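Since we're looking at a predicted model, the values are computed, not measured. Just so it is clear, the values below take in all heavy atoms, side chains as well, and ignore hydrogens, waters and symmetry mates.
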Amino acid sequence: MKALSVRQPWAWAIIYALKDIENRGWPIHYRGDILIHAAKTCTKKEYHLAKEFCQCLGVFIPELISLRRGQVIGIVTIVDCKDDLQGKC
């Protein structure tokens, strides 16, 4: 099965907070189930920026120390890939 590595807390948000859009700089043509792998690395600065963003949306994420990293944390289904403004998917 395919997997996608995502930095925390975004990986947590995909699995537990119904984050249903992931922005990437490359297209993905695959459709179907894919594992979400929480990347090992996450700086405190990255975490705090994401936490502030999520709080503005009413989503409160766990503290960084309690987020699992370096492992698969769930499975989602890719159903589509949208083009960005530069014509990439």
Side-chain angles (χ1 to χ4, degrees):
M1 177 174 272
K2 295 182 180 286
L4 183 66
S5 286
V6 181
R7 288 183 184 238
Q8 288 288 27
W10 301 116
W12 178 89
I14 289 170
I15 299 301
Y16 299 105
L18 305 176
K19 178 181 184 286
D20 61 357
I21 295 173
E22 175 63 8
N23 298 306
R24 296 283 165 148
W26 43 266
I28 186 165
H29 303 287
Y30 175 78
R31 302 293 180 268
D33 292 344
I34 192 166
L35 300 170
I36 298 298
H37 172 265
K40 272 190 167 183
T41 58
C42 177
T43 66
K44 288 181 182 180
K45 182 178 179 180
E46 289 172 328
Y47 171 79
H48 287 295
L49 288 172
K51 184 176 181 178
E52 288 175 11
F53 178 82
C54 289
Q55 285 177 341
C56 290
L57 300 175
V59 175
F60 296 91
I61 58 176
E63 291 301 317
L64 180 57
I65 192 81
S66 66
L67 293 174
R68 295 185 295 164
R69 290 186 276 170
Q71 59 186 286
V72 171
I73 63 168
I75 186 170
V76 297
T77 303
I78 295 177
V79 296
D80 201 4
C81 179
K82 299 290 184 183
D83 290 339
D84 70 9
L85 297 177
Q86 299 172 345
K88 299 177 190 170
C89 182

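Sequence neighbours left out, the pairs with a member in residues 34-48 that pass salt bridge (charged side-chain N to carboxylate O under 4.0 Å, His left out) are Arg7-Glu46. The salt bridge (charged side-chain N to carboxylate O under 4.0 Å, His left out) contacts involving residues 56-69 comprise Lys51-Glu63, where partners must be two or more places apart or lie in separate chains.
Side-chain atoms of Tyr30 come within 3.5 Å of backbone N or O of Asp33 as a donor-acceptor pair.
Connection of Leu49 to Ile14 is not established within any shared hydrophobic cluster, with ILVMFWY side chains joined at heavy-atom distances below 4.5 Å, either directly or through further cluster members.
In this structure, the side chain to side chain contact (heavy atoms under 4.5 Å, CB included) partners of Ala11, at least two apart in sequence or on a different chain, are Val6, Gln8, Ile36, Ala38, Ile73. Not a single side-chain hydrogen bond (donor to acceptor under 3.5 Å, both in side chains) links Ser66 to another residue, sequence neighbours left out. Remark: Phe53 engages Trp10, Leu57 in a side chain to side chain contact (heavy atoms under 4.5 Å, CB included) (not counting sequence neighbours). Residues passing the side-chain hydrogen bond (donor to acceptor under 3.5 Å, both in side chains) test with Gln55: none are found, sequence neighbours excluded.
Met1 belongs to a hydrophobic cluster whose other members, connected by ILVMFWY side-chain contacts under 4.5 Å either directly or through intermediates, are Leu35, Val72, Ile75. The hydrophobic cluster analysis finds Ile65 isolated: no Ile, Leu, Val, Met, Phe, Trp or Tyr side chain comes under 4.5 Å of it, directly or through other members.
What you find for Ala50 and Pro9 is that their closest heavy atoms are CB-CG, 3.4 Å. Contact record, Ile15 with Gly74: CD1-CA, 3.6 Å, taken as the closest heavy-atom pair.
With rounding to the nearest 0.5 angstrom, the CG atom of Leu4 is 6.0 Å from the CD atom of Glu22. The line from SG of Cys54 to NZ of Lys19 is 8.5 Å long, rounded to the nearest 0.5 Å. Between atom CD of residue Glu52 and atom CD1 of residue Ile61 there is a gap of 10.0 Å, rounded to the nearest 0.5 Å. Here the OG1 atom belonging to Thr43 is positioned 8.5 Å from the CG atom belonging to Leu64, to the nearest 0.5 angstrom.
By the 4.5 Å heavy-atom criterion applied to side chains, Arg31 and Asp80 are counted as neighbours.
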